[in-house]
Amino acid sequence: MPNAHPDRNLALELVRVTEAAALGAARWIGKGQKESADQAAVDGMHAILESVRMDGTVVIGEGEKDEAPMLHNGERVGDGSQPEVDIAVDPLEGTRLCALGMPNALAVIALSDRGSMFDPGPCVYMEKMAGGGHIADLLDLDRPLGKTVELIAERRQVEINDVMVVMLDRPRHEKAMQEVRDAGARVRLITDGDVAGVLLAVSERTPVDLLWGVGGTPEGVISATAVKCMGGAQIGRLWPRTDEERRAAVDAGYDLERVLTHDDLVGSEDCFFSATGVTDGDVLQGVRYEGARGATTESLVMRTRSGTVRRVHAVHDRSKLRALVGGRFG
């Protein structure tokens, strides 16, 4: 029997998955316990994934680079029925953000046809650039970053000091930060969470024009799904951290000079992305508690085939959720 394509009903199923992860993690906001928050998100995500009508394989499981609790690569999820799909997950993007009560922690999942997601092999990090579709042809990892922001200002017909680049606050980015500032543009630093950074760069609702930097390869694949849904653009290049990692990648057949597009990272034209806010952020409101039993969540859910981007505000009765799937929702 040929594999069925994912249908639109999966969108709402995936929102349920990220909502459960966010509700689980939210009880750990500000408690300083990263692994407990991450485990709560994983548990919440697992609880709902088991009931989703799909035969899913986790091909991008967040957590390997820091030995955090995770949905592991190769794990089968769903109820085993059609369609056969690839799953990429980050149950809690921004574990440190959640633990410290800082903005922009998210629960994230992406889904596409089986065999369509890029396997990064031994490469944990990649250099990335992302922005809206109107600047897709300006993305270039080899051009000086200062020149790129000049071209973006020209394309937008604005002064260069109106252009903003978001990047992770890391020592490895200090030279690039200075390039952007020397060109006259602005830098917005984020401490963690470059899926949220990509959403900032691609969304028309924010002042950010471009994401640049070296961040996680798993997050790169997940965010590529969102980019495809939103009509933006993303490119990336694998970035081995050590000579040993470089040799392992070359031995496995990876071309480390190749620039990967979002279509290389996610080959399917029928894929889904869902994110739910854990802590308040620029893109999504975090989990809010209302009385002894209630909670609210805000999510984004998208599908490439229709190009639809939905913002879902949900009200939850935590006592009923606990009765359905166990005591994961505080």
**OP:** Would you kindly confirm whether Leu145 and Ile135 end up in one hydrophobic cluster when ILVMFWY residues are joined by side chain heavy atoms under 4.5 Å apart?
**Re:** yes

**OP:** Report yes if the side chains of Ser116 and Asp270 come closer than 4.5 Å at any heavy-atom pair, otherwise no.
**Re:** no

Subject >> Derivation and outcome, salt bridge (charged side-chain N to carboxylate O under 4.0 Å, His left out), residues Asp209 and Arg156 >> reply: CA-CA 10 Å; Asp209 297 282; Arg156 289 186 53 211; 2.9 Å; yes

Between side-chain atoms of residues 226-236 and protein atoms elsewhere (two or more places apart, or another chain), which donor-acceptor pairs fall under 3.5 Å?
residue: Lys228; atom: NZ; partner: Asp263; partner atom: OD1; Å: 2.4
residue: Lys228; atom: NZ; partner: Val266; partner atom: O; Å: 3.2
residue: Lys228; atom: NZ; partner: Ser268; partner atom: O; Å: 3.4
residue: Lys228; atom: NZ; partner: Glu269; partner atom: OE2; Å: 2.9
residue: Gln234; atom: OE1; partner: Ser223; partner atom: OG; Å: 3.1
residue: Gln234; atom: OE1; partner: Ala224; partner atom: N; Å: 3.4
residue: Gln234; atom: NE2; partner: Gly220; partner atom: O; Å: 3.0

Original post:
Do Asp282 and Arg188 come close enough that some side-chain heavy atom pair is under 4.5 Å?
Top reply: yes

Original post:
Would a distance-only check, ignoring hydrogens and angles, find a side-chain to backbone donor-acceptor pair under 3.5 Å from Asp280 to Gly286?
Top reply: yes

Original post:
Is Met177 linked to Val166 within one hydrophobic cluster, defined over Ile, Leu, Val, Met, Phe, Trp and Tyr using a side-chain heavy-atom separation of less than 4.5 Å?
Top reply: no

Original post:
In terms of hydrophobic clustering (I, L, V, M, F, W, Y; side-chain heavy atoms under 4.5 Å; direct or indirect links), are Leu265 and Leu141 co-clustered?
Top reply: no

Original post:
How close do Phe272 and Ala11 get, heavy atom to heavy atom, and via which atoms?
Top reply: CE2-N, 3.8 Å

Original post:
Are Val165 and Leu139 grouped together when hydrophobic residues (ILVMFWY) are joined by side-chain heavy atoms under 4.5 angstrom apart?
Top reply: yes

Original post:
Hey, does Met45 have a side-chain heavy atom less than 4.5 Å from the side chain of Val77?
Top reply: no

**OP:** Would you indicate whether Arg310, at its atom CZ, is surrounded by more than 12 heavy atoms from other residues, nucleotides or ligands within a distance under 6.0 Å?
**Re:** no

Original post:
What do the steps show when you test Arg237 against Asp255 for salt bridge (charged side-chain N to carboxylate O under 4.0 Å, His left out), and what is the final call?
Top reply: CA-CA 9 Å; Arg237 184 162 50 203; Asp255 179 356; over 6 Å; no

Subject >> Test side-chain contact (heavy atoms from CB on, under 4.5 Å) applied to Tyr125 and Arg172, step by step >> reply: CA-CA 12 Å; Tyr125 287 93; Arg172 61 180 178 263; 4.0 Å; yes

**OP:** Report yes or no: does Glu13 contribute a side-chain atom to a donor-acceptor pair with the main-chain N or O of Val52 at less than 3.5 Å?
**Re:** no

Subject >> Asp86 side-chain N/O to Gly115 backbone N/O, donor-acceptor pair under 3.5 Å >> reply: yes

**OP:** Quick one: closest heavy-atom pair of Glu93 and Glu219, and the distance?
**Re:** OE2-CG, 4.1 Å

Subject >> Close side-chain approach of Glu150 and Val163, heavy atoms under 4.5 Å >> reply: no

Subject >> Shortest non-hydrogen contact from Ile29 toward Val278 >> reply: CD1-O, 3.4 Å

Original post:
Shortest non-hydrogen contact from Val149 to Ala183?
Top reply: CG2-CB, 3.8 Å

**OP:** Give a yes or no on this: more than 12 heavy atoms of other residues, nucleotides or ligands lie within 6.0 Å of atom CD of Gln33.
**Re:** yes

**OP:** May I ask you to check whether Ser274 and Thr18 show a side-chain donor-acceptor distance below 3.5 Å?
**Re:** yes

**OP:** Answer yes or no: is there a donor N or O on one side and an acceptor on the other, between the side chain of Thr276 and the main chain of Ala107, under 3.5 Å?
**Re:** no

**OP:** Find out if a path of hydrophobic residues (ILVMFWY) with successive side-chain heavy-atom gaps under 4.5 Å connects Val309 to Ile222.
**Re:** yes

Original post:
Is the shortest heavy-atom distance from the side chain of Val58 to the side chain of His72 under 4.5 Å?
Top reply: no

Original post:
Does the pair Asp194/Lys128 count as a salt bridge with the N-to-O cut at 4.0 Å?
Top reply: yes

Original post:
Side chain of Arg181, backbone of Val187: donor and acceptor closer than 3.5 Å?
Top reply: no

**OP:** Of all the heavy-atom pairs spanning Leu168 and Gly193, show the shortest one and how long it is.
**Re:** CD2-N, 4.1 Å

**OP:** Considering only NZ, NE, NH1 and NH2 on the basic side and carboxylate oxygens on the acidic side, decide whether Asp192 and Arg170 come within less than 4.0 Å.
**Re:** yes

Subject >> Over 12 foreign heavy atoms within 6.0 Å of CZ, Arg186 >> reply: yes

Output side-chain donor-acceptor pairs under 3.5 Å for residues 195-207, partner residues at least two apart or in another chain, one line each.
residue: Ser203; atom: OG; partner: Arg205; partner atom: N; Å: 3.0
residue: Thr206; atom: OG1; partner: Leu200; partner atom: O; Å: 2.5
residue: Thr206; atom: OG1; partner: Val208; partner atom: N; Å: 3.4

**OP:** Run the salt-bridge test on Arg16 and Glu19 with the 4.0 Å N-O cut-off and return the result as yes or no.
**Re:** no

Subject >> Non-hydrogen side-chain atoms of Val42 and Gln39 separated by less than 4.5 Å >> reply: yes

Original post:
Which pair of non-hydrogen atoms, one from Glu127 and one from Trp239, has the smallest distance, and what is that distance?
Top reply: N-CB, 4.0 Å

Original post:
Does Thr217 use its side chain to pair, donor to acceptor, with the backbone of Cys123 at less than 3.5 Å?
Top reply: yes

Original post:
Are Glu75 and His46 close enough, and set up right, to give a side-chain contact (heavy atoms from CB on, under 4.5 Å), and what steps lead you there?
Top reply: CA-CA 11 Å; Glu75 182 174 350; His46 260 304; 2.5 Å; yes

Original post:
Heavy atoms, side chains only, cut-off 4.5 Å: are Thr296 and Arg288 in contact?
Top reply: yes

Original post:
Side-chain contact, heavy-atom cut-off 4.5 Å: Met102 with Thr279?
Top reply: no

Subject >> Gly61 backbone acceptor or donor facing Asn73 side chain under 3.5 Å >> reply: yes

